[in-house]
Asks: 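One structure coming up, written as structure tokens, with questions to follow.
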Amino acid sequence: MAQKPSIPKGTRDFSPTEVAKRSYVINTIRTQFKHFGFQPIETPSFENSSTLMGKYGEEGDRLIFKILNSGDYLRKADKNILANADSGALTPQISEKALRYDLTVPFARYVVQHQNDIVFPFKRYQIQPVWRADRPQKGRFREFYQCDADVVGSASLWQEVEFVQLYDAVFSRLGLEGVTIKMNNRKILSGIAEVIGASDLLIDFTVALDKLDKIGEEGVTQEMLAKGIPAAAIDKVKPLFTLSGSFGQQLSVLKDLLAQSATGMQGIEELSFIDTAISELGLETASLQLDVTLARGLNYYTGAIFEVSAPEGVAMGSIGGGGRYDDLTGIFGLKDMSGVGISFGLDRIYLVMDELELFPEEAIQGTQVFFVNFGDSEAAYAMKAITALRKAGVAAELYPDAVTSNKQMKKQMTYAHKRDIPFVVLAGSQEIQDQTLTVKDMRLGEQHTMTVSALIKKFRA
RNA sequence: GUGGUUGUAGCUCAGCUGGUUAGAGCACUGGUUUGUGGUACCAGGGGUCGCCGGUUCGAACCCGGUCUUCCACCCCA
């Protein structure tokens with residue numbers, strides 16, 4: 001007990017059932033990515049620190065897992081920094097690599113590095129784990145998967161429209177109905193800040209506004225005042241606090257508010273285009289909503305902002321997010337490349353689906369038919385049937401060890417039961433003589449004798 | 001990074017104001033049943049009470065530290 005093994009906090013082991021369920025979600029997402037014309041790429045799990053550092057803000061830098069240099073790294077470090085125990089200054093001296101923090105920045109790096117081989121607009125998808133050194137809590141891990149789809153090299157708003165459809169398609173296929181796709185636009189937020197004369201306080205303003213549903217109108221007002229936004233300016237945006245109604249209705253309120261701001265009006269136009277297109281195309285099970293308080297990832301988004309929240313009644317943070325960044329690759333030296341993309345939070349989607357019991361049985365079913373092993377000659381007979389079943393696409397297996405006593409027979413039955421295998425085949429001397437199989441349905445507790453081809457036909461039906 | 005919370009058998013937990021050999025259910029192993037699991041009955045194995053240190057005649061219980069769990073903040077998928 002003393003040396004019980006463990007794994008680092010915020011990481012998880014996955015059992016066979018969990019892997020099956022996760023694969024089901026991933027495959028569903030991947031299938032839709034392909035249907036929408038995205039191509040897969042993969043990038044290394046760790047990058048040069050210089051690629052990642054400074055791209056996610058101060059908070060982000062703190063949350064990046066750094067990889068210690070190999071060798072006698074302290075000897076090479078600056079003696080003064082070492083003596084002063086200055087962690088911030090020491091870090092770049094002893095760590096030159098870091099674990100991937102998200103898939104977007106590595107993608108930007110990829111695009112710049114391979115720009116001559118890429119055909120633009122480039123639509124890529126990527127499903128890989130990322131790592132963050134923050135404190136775990138519900139739906140929040142230190143190692144988790146992101147499933148990203150991005151388009152780079154096109155400023156067309158049809159991309160945004162397609163991403164809304166893509167979200168709808170994936171969640172509909174998963175049976176996760178009633179998700180809300182929330183949209184906003186950086187230009188609207190800039191416009192509001194401009195109109196109230198607080199352009200320089202845009203970030204503080206939006207961060208406060210983002211908390212509306214959490215701390216309420218009063219709390220937001222307090223926070224804005226604390227950040228130095230004048231009371232008169234806050235009064236001007238009061239209509240935002242109670243904004244409701246349809247996408248279009250909200251837009252018309254914004255139109256009045258933002259009439260003086262060219263940037264704001266452009267944001268309205270963009271959102272209006274998307275709303276109109278989606279209204280005409282229709283959505284299967286998701287709903288599209290305008291949410292002016294949405295301000296996540298504002299550091300780099302320049303146009304559309306997406307966030308998907310789980311169906312009502314499920315306590316979970318966002319299960320997806322994304323947006324447009326006009327200068328995605330600029331940080332790596334490739335100018336004027338507009339990019340827009342979305343991300344699916346696999347681990348959170350899994351938690352929500354598990355809670356709502358949405359995983360279909362087929363998704364987690366492994367072996368369909370289990371053969372009891374009565375001995376060498378019986379096993380040889382069983383293997384022929386198993387081979388036929390496998391060729392027909394039915395997962396089948398033989399218990400590796402032979403029955404030597406009644407106890408062993410029980411053991412094999414128990415084994416099949418624990419593995420949740422729906423059919424057990426008993427084939428002894430009688431069945432061999434008759435060229436049949438005795439098939440037991442473990443759920444119903446009934447058994448029937450039939451030929452191999454009859455059993456295969458049973459699965460074809 | 002801040003605040004709080006949790007840690008007793010493989011799992012879920014009980015253990016009164018510190019007092020002798022730490023309990024239950026489920027799971028596991030064996031038997032009642034030598035071609036049959038899941039339901040019933042009987043028996044059995046398994047824990048230095050997260051770890052380190054301290055207080056005490058005596059600590060699962062009190063104190064400190066540390067790790068872990070979960071929650072909120074921050075931020076985010």
Side-chain angles (χ1 to χ4, degrees), chain A residues 1-12 25 29 56-64 87 101-104 127-148 203 207 210-211 214-215 219 223 294-299 306-310 315-323 341-352 370-375 378 399 402-431 437-447 449:
Chain A
M1 277 303 288
Q3 58 269 49
K4 204 181 200 172
S6 63
I7 54 176
K9 69 173 163 188
T11 65
R12 288 123 339 131
V25 177
I29 293 171
Y56 309 100
E58 202 177 313
E59 180 76 7
D61 282 358
R62 210 192 74 215
L63 298 178
I64 292 172
S87 304
Y101 178 87
D102 73 355
L103 300 178
T104 306
I127 300 174
Q128 288 191 283
V130 301
W131 295 268
R132 292 186 189 177
D134 68 352
R135 280 207 194 176
Q137 48 180 279
K138 186 173 185 185
R140 199 168 201 190
F141 308 99
R142 301 215 290 187
E143 177 183 60
F144 62 96
Y145 268 72
Q146 283 192 335
C147 311
D148 279 24
I203 300 289
V207 165
D210 194 12
K211 293 178 185 166
K214 243 180 196 173
I215 59 178
E223 182 159 334
L294 184 59
R296 305 297 167 86
L298 203 69
N299 284 337
F306 298 103
E307 184 167 300
V308 182
S309 48
M316 180 63 66
S318 63
I319 54 177
I342 59 171
S343 180
F344 289 83
L346 168 67
D347 300 271
R348 287 186 177 181
I349 292 170
Y350 178 101
L351 289 173
V352 171
F370 174 86
F371 283 68
V372 172
N373 186 336
F374 285 105
E378 291 90 341
Y399 191 81
V403 167
T404 52
S405 67
N406 180 239
K407 212 167 64 182
Q408 280 297 314
M409 175 72 190
K410 262 179 155 18
K411 192 175 174 182
Q412 296 195 23
M413 292 300 288
T414 307
Y415 179 81
H417 176 245
K418 281 187 192 156
R419 295 253 325 259
D420 234 351
I421 297 171
F423 296 97
V424 170
V425 170
L426 302 153
S429 51
Q430 188 62 52
E431 286 86 354
L437 303 170
T438 294
V439 181
K440 175 158 185 171
D441 183 324
M442 295 294 274
R443 307 229 163 114
L444 302 175
E446 303 171 344
Q447 60 189 48
T449 299

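Residue numbers start from 1 in every chain, and the chains themselves are labelled A, B, ... in the order their sequence lines are given, proteins ahead of strands.
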Asks: Apply ring-ring contact (aromatic ring centres under 6.0 Å, His included) to A:Phe306 and list each qualifying residue two or more places apart in sequence or on a separate chain.
Replies: none
Asks: In whole angstrom, give the distance that lies between atom CG of A:Asp61 and atom P of B:C76.
Replies: 13 Å
Asks: Would you mind reading off the distance between A:Gln128 atom CD and B:A77 atom C1', rounded to a whole angstrom?
Replies: 16 Å
Asks: Please check if the side chain of A:Glu431 supplies one atom and the backbone of A:Gly428 the other of a donor-acceptor pair under 3.5 Å.
Replies: yes
Asks: If the P atom of B:G15 is compared with that of B:U34, how far apart are they to the nearest Å?
Replies: 44 Å
Asks: Which value, in whole Å, describes the distance between the C1' atoms of nucleotides B:G47 and B:A9?
Replies: 5 Å
Asks: Can you check whether A:Met442 reaches A:Pro422 side chain to side chain, under 4.5 Å on heavy atoms?
Replies: no
Asks: Any donor and acceptor pair, going by atom type alone, linking the side chain of A:Asp347 with main-chain N or O of A:Phe144 inside 3.5 Å?
Replies: no
Asks: So A:Tyr415 and A:Phe370, would you call those rings parallel, tilted or perpendicular, with 30° and 60° as cut-offs?
Replies: tilted
Asks: Any donor-acceptor pair under 3.5 Å linking the side chain of A:Arg348 with the backbone of A:Ser318?
Replies: yes
Asks: Assign a letter to each nucleotide of nucleotides 34-45 of chain B from its 5' end: B, base within under 4.0 Å of a protein heavy atom; S, sugar-phosphate only; -, no contact.
Replies: SBBBB-------
Asks: Where each residue is assigned the nucleotide of RNA chain B containing its nearest heavy atom, which of A:Asp347 and A:Glu223 is assigned the position nearer the 5′ end?
Replies: A:Glu223
Asks: Can you tell me, in whole Å, how much space there is between the C1' of B:G19 and that of B:C62?
Replies: 14 Å
Asks: With heavy atoms under 4.0 Å as the rule, sort A:Gln146 into base, sugar-phosphate or nothing.
Replies: sugar-phosphate
Asks: Could you tell me the separation between the CG atom of A:Leu346 and the C1' atom of B:A77, rounded to a whole number of Å?
Replies: 10 Å
Asks: B:U29 P sits how many Å from A:Gln408 CD, rounded?
Replies: 12 Å
Asks: Give me the distances for all protein-to-nucleotides 69-73 of chain B N/O pairs that come in under 3.5 Å?
Replies:
{"residue": "B:C71", "atom": "OP1", "partner": "A:Lys138", "partner atom": "N", "Å": "3.4"}
{"residue": "B:C71", "atom": "OP2", "partner": "A:Lys138", "partner atom": "N", "Å": "2.2"}
{"residue": "B:A72", "atom": "OP2", "partner": "A:Gln137", "partner atom": "OE1", "Å": "2.8"}
{"residue": "B:C73", "atom": "OP1", "partner": "A:Lys214", "partner atom": "NZ", "Å": "3.3"}

Asks: Between A:Tyr101 and A:Tyr56, does the ring centre distance come in under 6.0 Å?
Replies: yes
Asks: Could you give the distance separating B:A43 and B:U6 at their P atoms, to the nearest angstrom?
Replies: 38 Å
Asks: State, yes or no, whether a side-chain contact exists between A:Val425 and A:Val372 at a heavy-atom distance under 4.5 Å.
Replies: no
Asks: Taking only the P atom of each, what is the distance from B:G37 to B:U29 in whole angstrom?
Replies: 14 Å
Asks: For A:Trp131 and B:A77, what is the distance between atoms CH2 and C1' respectively, to the nearest whole Å?
Replies: 15 Å
Asks: Is the shortest heavy-atom distance from the side chain of A:Gln128 to the side chain of A:Leu103 under 4.5 Å?
Replies: yes
Asks: For B:C26, give the paired nucleotide (Watson-Crick: N1-N3 plus N6-O4 or O6-N4; G-U: N1-O2 and O6-N3; both under 3.5 Å), or none.
Replies: B:G10
Asks: Now, which nucleotide makes the Watson-Crick or G-U wobble pair with B:A40, with each of the two distances under 3.5 Å?
Replies: B:U32
Asks: Measuring from the side chain of A:Glu59 (C-beta onward, heavy atoms only), which nucleotide among B:C74, B:G30, B:G1 has the closest atom?
Replies: B:C74
Asks: With rounding to whole Å, what would you report as the distance between B:A77 and B:U5 at their P atoms?
Replies: 30 Å
Asks: Tell me which of A:Val308 and A:Arg62 sits closer to the 5' end of RNA chain B, going by the nucleotide each one is nearest to.
Replies: A:Arg62
Asks: B:C51 and B:A59: how far apart are their C1' atoms, nearest whole angstrom?
Replies: 16 Å
Asks: Could you give the distance separating B:C76 and B:C67 at their C1' atoms, to the nearest angstrom?
Replies: 25 Å
Asks: Between A:Thr414 and A:Lys410, is there a donor-acceptor pair closer than 3.5 Å when you use the side chain of the first and the backbone of the second?
Replies: yes
Asks: Indicate, with a heavy-atom threshold strictly under 4.0 Å, whether A:Lys411 touches base, sugar-phosphate, or nothing.
Replies: nothing
